[in-house]
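Per chain, numbering begins at 1; letters A, B, ... match sequence-line order. From a predicted model like this one, the values you see are computed outputs, not experimental measurements.
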Amino acid sequence: MPPFPASRFRQPLITWFRRHGRDLPWRRTRDPYAILVSEFMLQQTQVATVVPYYEHWLARFPDFASLARADESAVLHAWQGLGYYARARNLHAAAQSVAKNVGGVLPNDLAKIAALPGIGRYTAGAVATFAFDQAVPIVEANIARVLARLTNWEKPIDTAAGRDHLWSTASVLLPKKNGRLHNSALMELGALICLPRRPLCAQCPVQKFCAAVEPAALPRKRAKPRQVLLHESHAFALRRERILLEQSHARWRGMWILPRLAAVPPRSPLLQLDFPFTHHRITLSVFAATRSFLPNEKQRWFPIAQLAELPVPSPHRRALEELLPRQNLCSTFART
DNA sequence: AAGACGGGGTT
DNA sequence: AACCCAGTCTT
């Protein structure tokens with residue numbers, strides 16, 4: 001096989017990107033902190049979901065120092081609703097690590113960036129390329145799709161062999177300069193043209209380089225585990241305009257949820273709601289607390305008015321929004 | 001290598 | 001209802 005004509009591939013890609021690339025907030029800055037925030041938020045989360053969180057976050061925590069000195073509760077609150085809350089804890093810890101550095105600046109060295117908590121191969125490369133314009137490869141969902149099709153890779157991409165193939169392909173395509181422009185363009189091609197279900201091949205600037213036989217069938221992934229059904233019971237305890245919540249030490253570590261019940265009470269729930277969770281489907285039942293309910297050390301009574309300031313995961317927030325208005329209170333509880 | 005980890009949007 | 005998403009970390 002002849003070597004792939006990387007430079008002839010890149011030229012029309014770049015031209016296309018200059019004309020059609022989106023004006024995204026994190027493309028208007030080269031501030032390493034802002035880029036890092038955007039990359040944490042964009043892990044497994046779509047652009048449209050991230051934009052308002054990103055804007056609010058930068059207003060609330062404008063730099064590494066302000067984030068480093070914030071309380072974890074404030075950090076989780078600003079992340080509330082985005083999911084994968086370990087990202088928020090890791091970003092917080094990364095900011096505290098950076099703030100200890102001389103000058104409080106992010107290192108521009110790939111290995112040092114990758115050593116920060118919550119930063120893997122992709123995010124380290126993304127920060128290096130988008131903040132510092134380094135020519136390093138990056139592979140995320142968009143680029144993975146583009147490269148699997150470009151090379152007609154018909155084996156699963158979410159295996160060691162698949163990942164090796166994608167990262168080495170990304171390296172082959174990489175120019176020696178202008179890493180940011182190249183990587184942005186490749187990613188944008190996946191986001192706007194090389195779509196998951198119905199790729200717009202007729203509009204693709206690099207179609208003549210593409211080896212895909214049936215692009216819509218790529219990339220392939222390993223089979224997912226079947227969905228598991230779970231039931232969880234929680235208490236709704238309201239006393240004198242205060243509600244009993246407990247701080248999670250498990251799934252939503254650090255966030256406040258309705259108190260967990262060890263057993264299902266022998267009465268009908270006030271509310272049931274279903275929410276998907278990874279490959280689980282969880283039915284959350286909320287029961288009125290009986291008079292014998294005794295708070296433990298993880299639990300606290302909160303004034304209803306204070307709820308809006310607490311980090312509460314979405315399923316529990318939905319339960320509260322449903323139950324509190326039923327109590328004939330002037331609830332000031334609202335998503336902020 | 002496999003599983004855990006959210007939430008919302010799209011098909 | 002299944003699939004998708006600017007992935008990372010722990011077993």
Side-chain angles (χ1 to χ4, degrees), chain A residues 21-22 24-27 35-54 76 79-91 93-94 113-131 137-146 156-164 166-167 170 180 183-192 194-198 216-217 219-228 230 248 250-255 257 273-282 284 311-318 335:
Chain A
R22 292 167 295 177
L24 300 173
W26 40 88
R27 285 190 181 146
I35 300 289
L36 189 67
V37 169
S38 75
E39 291 302 338
F40 267 82
M41 290 186 170
L42 287 161
Q43 290 170 4
Q44 297 287 281
T45 305
Q46 295 182 351
V47 166
T49 304
V50 166
V51 169
Y53 282 89
Y54 172 83
L76 289 171
W79 202 271
Q80 173 176 264
L82 263 185
Y84 287 127
Y85 298 95
R87 294 182 293 172
R89 292 189 291 268
N90 284 334
L91 178 55
I113 299 169
L116 293 167
I119 300 190
R121 192 175 182 182
Y122 165 74
T123 302
V127 171
T129 198
F130 297 138
I138 53 172
V139 176
E140 41 59 78
N142 292 301
I143 293 180
R145 190 167 55 249
V146 170
I157 58 165
D158 50 352
T159 62
R163 282 187 287 272
D164 283 353
L166 294 175
W167 282 89
R180 169 173 40 218
N183 283 322
S184 301
L186 207 49
M187 201 179 279
E188 197 74 338
L189 186 72
L192 299 183
C194 201
L195 303 175
R197 313 284 189 114
R198 282 176 47 82
R220 296 190 56 180
K221 293 178 186 174
R222 292 196 325 268
K224 293 271 170 66
R226 271 234 298 288
Q227 193 165 264
V228 177
L230 293 177
S248 172
R251 186 185 305 150
W252 292 300
R253 187 150 42 95
M255 303 185 80
I257 62 175
L273 60 88
D274 278 14
F275 62 96
F277 192 90
T278 313
H279 69 283
H280 301 90
R281 174 161 220 86
I282 301 180
L284 192 160
V312 177
S314 292
H316 287 258
R317 185 158 288 273
R318 283 203 297 278
R335 210 193 155 89

- Query: Should A:D274 and A:R281 be marked as a salt bridge (charged side-chain N to carboxylate O under 4.0 Å, His left out) after you check the CA-CA gap, both sets of side-chain angles, and the distance that decides it?
  - Reply: CA-CA 7 Å; A:D274 278 14; A:R281 174 161 220 86; 3.7 Å; yes

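- Within the 4.0 angstrom heavy-atom criterion, no nucleotide atom of any strand lies near A:R198.
- Distance from the side chain of A:T123 is smallest to C:dG7 among C:dG7, B:dG6, B:dA2.
- Set against C:dG7, B:dC5, C:dC5, the side chain of A:R145 has C:dC5 as its closest nucleotide.
- Nucleotides C:dT8 and B:dG8, compared at atom P, are 22 Å apart to the nearest Å.
- Separating the CD atom of A:E39 from the P atom of C:dC5 is a distance of 16 Å, rounded to the nearest angstrom.
- Remark: A:F130 CZ to A:T123 OG1 distance equals 10.5 Å, nearest 0.5 Å.
- Nucleotides of DNA chain C nearest to A:A114 and A:S184 differ in position, and the one nearer the 5' end is that of A:S184.
- For A:Y84 and C:dC5, the OH to C1' distance is 9 Å, given to the nearest whole Å.
- Nucleotide B:dG7 holds its C1' atom 8 Å from the OH atom of A:Y53, rounded to whole Å.
- Put simply, CH2 on A:W252 and CD on A:Q80 are 12.0 Å apart, with the number rounded to the nearest 0.5 Å.
- Put simply, A:R222 has a side-chain N or O that comes within less than 4.0 Å of OP1 or OP2 on B:dA2.
- Atom CG in A:L91 sits about 13 Å away from atom P in C:dT8, given to the nearest Å.
- Within the 4.0 angstrom heavy-atom criterion, only backbone atoms of the sugar-phosphate kind lie near A:P117; the bases stay farther away.
- Considering only side-chain atoms of A:R197, the nucleotide from C:dC3, B:dG7, B:dG6 that sits closest is C:dC3.
- For A:H279, a side-chain nitrogen or oxygen approaches OP1 or OP2 of B:dA4 to under 4.0 Å.
- Proximity of A:R281 to the phosphate of C:dA1: no side-chain N or O atom is located under 4.0 Å from OP1 or OP2.
- Within the 4.0 angstrom heavy-atom criterion, no nucleotide atom of any strand lies near A:I143.
- When rounded to the nearest whole Å, the span between CZ of A:R87 and C1' of B:dG8 equals 12 Å.
- Residue A:N90 contributes atom CG, which lies 12 Å from atom C1' of C:dT10 at whole-angstrom precision.
- Taking A:Y84 as the reference, nothing meets the ring pair (Phe, Tyr, Trp, His ring centres under 6.0 Å) condition, with sequence neighbours excluded.
- Residue-level contact check: A:Y122 touches the bases, meaning some heavy atom is under 4.0 Å from a base atom.
- Among the heavy atoms of the strands, none lies under 4.0 Å from A:T49.
- For A:R318, a side-chain nitrogen or oxygen approaches OP1 or OP2 of B:dG8 to under 4.0 Å.
- Taking 3.5 Å as the limit, the base of B:dG6 and the side chain of A:T45 contain a donor-acceptor pair of atoms between them.
- Across all strands shown, A:A160 has heavy atoms under 4.0 Å from sugar-phosphate atoms exclusively, and none from any base.
- Take the nearest nucleotide of DNA chain C for A:G118 and for A:P196: the residue whose nucleotide is more 5' is A:P196.
- Heavy-atom nearest nucleotides on DNA chain B were determined for A:H280 and for A:W252, and the one closer to the 5' end corresponds to A:H280.
- Note that the CG atom of A:N90 and the CG atom of A:L116 stand 10.0 Å from one another [nearest 0.5 Å].
- Candidate nucleotides C:dC5, C:dC9, C:dC4 were compared by shortest atom distance to the side chain of A:A141, and C:dC5 ranks first.
- Regarding contacts with the backbone of B:dA2, every side-chain N or O of A:K221 stays at 4.0 angstrom or more from both OP1 and OP2.
- Between the CE atom of A:M41 and the C1' atom of B:dG6 there is a distance of 14 Å, given to the nearest Å.
- In this structure, A:R251 atom CZ and B:dG3 atom P are separated by 18 Å, rounded to whole Å.
- Residues forming a side-chain hydrogen bond (donor to acceptor under 3.5 Å, both in side chains) with A:T129 (at least two apart in sequence, or on another chain): A:N183.
- The side chain of A:Q46 lies closest to C:dC5 when the candidates are B:dG6, C:dG7, C:dC5.
- Here A:E188 pairs with A:R27 in a salt bridge; the nearest charged N to carboxylate O distance falls below 4.0 Å.
- Side-chain N/O atoms of A:S314 include one lying less than 4.0 angstrom from OP1 or OP2 on B:dG7.
- The 5' end of DNA chain B is approached more closely, in terms of each residue's nearest nucleotide, by A:R163 than by the other of A:R163 and A:Y85.
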